[in-house]
Amino acid sequence: RSPFRDRSNDVVGASETISTDIGFKLPHDPNTLKAMDYKIGSCARPYMRAFHLAWTSFFVAFMAWFSFAPLLPQVKKDLNLSDNDIFISNICSISSTICARFIVGPLMDQFGPRKGQSLVLILAAIPTYFSGLVQNLAGLATVRFFIGIAGATFVGCQFWCSVMFVEEIAGTVNAIAGGWGNFGGGLTMVMMVGIYNMNLASLTCDEECAWRNAFYIPATMLVVSSILVYKLGDDSPRGEWQPSRDIAPHWSDVAANPQVWILVVMYAVCFGVELHVNNVVAFYYYTRFGVSLTTAGLVASLFGVTNLFARALGGIVSDYYYSRHGNLGRKVFLIVATVLEGLTLILFSRMESFGVSIAVMFIFSIFVQSAEGATFAIVPYADPLNTGSVCGFVGAGGNTGAVIW
């Protein structure tokens, strides 16, 4: 028996007319035209090009979103801020994404993932360009609040993949795209420190000048990514996006679904933890173990490195258990991954050795990302007609968890 379910009655939120210049290079469902397989090494339209644009745009957005994190020790010194001031700016960075994800989800259901993703990238680029102008806590909190809009690109990333691929491989595809995108949060720890040191090498640039001029690169990357998404991507296998109904019903339908709220809570305790750790881990190692800013940034990047494989691993394992036990298999695996995440977090918090703490942090990160991948493997099943809104709700849950932690 085929592992793929019958979709003859499915409704797709895209135009009924199939774009004539799109070639279907992958096996696909004849009713929805969603791909039933994926080829990572391909960039062919519409499926794999959308996949690569989805994760790379989220990757760039994640880099900009956490571009301040590795530089905060120097920012704190130059602006004469307290530890509590840094904490406030971290909260602002994360809290704005909660609102953005709630708003962006229904908007993408209405206008499609390509236009929505491109718009969010451009909006996030504007405050990123102004990051070097902050003079006090109010300026820092305000700039980081608006840069936090970049976090809403996660909704577009997951929604775009869900539109292009059938649910049976959604766990794997969404997890790979989300994991590779999240890796931007790890790479930015290295990249921003590298830009800082490059600026510092100039005879005319001191430490304050070095961090203030480090934000032009991630801001420009956001603009370039926005243009590529808009010009090169396809909204769906059928071409241009045409909504099936008005925006209003999406909110009420999704908000009334208890399955969605369970996923919101589950994502809060995995992605919420990741966001909080991304914001503080470099500062944690800098203050707890007395290492240099460069060393703290390099160590902090290891937490994000696991996104290259761990989130995908969570999706792959979830798909495997789905093939054996149906959605019950997905749910049980999500619970197991979340419990192991909690246990390793407790262990990490009690580490006194610098070297051992790095090893435990790496293991802890694997379970965090795996739980995230397992969560979004279930998302396409919660409400197929409102997948964008569900992605927005669940994604916002992750940021809510970060604020709580």
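Being a predicted model, the structure only gives us computed values, none of them experimental. Here, residue 1 is the first one in the sequence, and each next residue gets the next number.
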Classify the ring geometry between Phe154 and Phe376 as parallel (under 30°), tilted (30 to 60°) or perpendicular (over 60°). perpendicular
Just by distance, with hydrogens left out, do Gln158 and Ser162 show a side-chain donor and acceptor under 3.5 Å apart? no
Would the distance check show the side chain of Asn257 and the main-chain N or O of Ala382 forming a donor-acceptor pair, the cut-off being under 3.5 Å? yes
Ring geometry between Tyr321 and His325 (parallel below 30°, tilted from 30 to 60°, perpendicular above 60°): parallel
Indicate whether the side chain of Asn90 and that of Arg144 have a donor and an acceptor atom separated by less than 3.5 Å. yes
So, Ser292 versus Thr295: side-chain donor-acceptor pair below 3.5 Å or not? yes
Cation over ring, Arg101 on Phe393, under 6.0 Å and within 45°? no
Parallel, tilted or perpendicular, judged at 30° and 60°: which one describes the rings of Tyr267 and Phe271? parallel
In Glu168, Arg330, Arg324, the residue satisfying side-chain contact (heavy atoms from CB on, under 4.5 Å) with Asp319 is Arg330
Output, in order, the C-alpha distance, side-chain angles, deciding distance and verdict of disulfide bond (SG atoms under 2.5 Å apart) for Cys209 and Cys205. CA-CA 5 Å; Cys209 166; Cys205 192; 2.3 Å; yes
Scan side-chain atoms only and decide if Ser226 and Ser118 contain a donor-acceptor pair under the 3.5 Å cut-off. yes
Report the relative orientation of the aromatic rings in Tyr38 and Phe165; use parallel for angles under 30°, tilted for 30 to 60°, perpendicular for over 60°. perpendicular
Taking ring pair (Phe, Tyr, Trp, His ring centres under 6.0 Å) as the definition, give me every residue that meets it alongside Phe333, ordered by chain and number, with sequence neighbours left out. none
With a 4.0 Å cut-off, would you call Arg212 and Asp78 a salt bridge? no
Using only heavy-atom distances, determine whether the side chains of Ser82 and Asp85 contain a donor-acceptor pair under 3.5 Å. yes
Report, as yes or no, whether the 6.0 Å neighbourhood of atom OH on Tyr286 holds more than 12 heavy atoms from other residues, nucleotides or ligands. no
Looking at every non-hydrogen atom in both residues, tell me the closest pair between Ala377 and Ser318 and how far apart they are. CB-OG, 3.3 Å
Leu313 to Ser370 - nearest heavy-atom pair and separation: CD2-OG, 4.5 Å
Of all heavy-atom pairs between Gly373 and Ala175, which one has the smallest distance, and what is that distance? CA-CB, 4.0 Å
Shortest non-hydrogen separation from Phe68 to Val143 and the atoms involved: CE1-CG1, 4.1 Å
Heavy-atom closest pair, residues Phe303 and Gln369: O-NE2, 3.8 Å
Check whether the side chains of Tyr285 and Ser357 place a donor and an acceptor atom closer than 3.5 Å, and report yes or no. yes
When you look at Val379 and Asn174, which way does the side chain to side chain contact (heavy atoms under 4.5 Å, CB included) test go after all the steps? CA-CA 10 Å; Val379 163; Asn174 278 340; 5.8 Å; no
What orientation do Phe289 and Tyr284 show, parallel under 30°, tilted 30 to 60°, or perpendicular over 60°? perpendicular
Give a yes or no on whether a salt bridge exists between Glu352 and Arg288, defined as a side-chain N under 4.0 angstrom from a carboxylate O. yes
Please work out whether the ring planes of Phe66 and Phe62 are parallel, tilted or perpendicular, with thresholds of 30° and 60°. parallel
Please indicate whether Tyr230 has more than 12 foreign heavy atoms, meaning atoms of other residues, nucleotides or ligands, lying under 6.0 Å from its OH. no
Side-chain donor-acceptor contact under 3.5 Å, Thr153 with Gln117: no
Just by distance, with hydrogens left out, do Asp383 and Gln259 show a side-chain donor and acceptor under 3.5 Å apart? no
When you measure from the side chain of Thr97 to the backbone N and O of Gly148, does any donor-acceptor pair fall under 3.5 Å? yes
Nearest non-hydrogen partners of Phe51 and Ala177, listed with the distance: CE1-CB, 3.8 Å
Salt bridge Asp83-Lys76, side-chain N to carboxylate O under 4.0 Å: yes
Evaluate ring pair (Phe, Tyr, Trp, His ring centres under 6.0 Å) for Phe283 paired with Phe87, printing each intermediate quantity in order. CA-CA 11 Å; Phe283 193 74; Phe87 174 77; over 10 Å; no
Run the side chain to side chain contact (heavy atoms under 4.5 Å, CB included) check on Thr142 and Phe146 step by step: do they pass? CA-CA 6 Å; Thr142 300; Phe146 286 107; 3.8 Å; yes
Heavy-atom count check: over 12 atoms from other residues, nucleotides or ligands less than 6.0 Å from Tyr320 OH? no
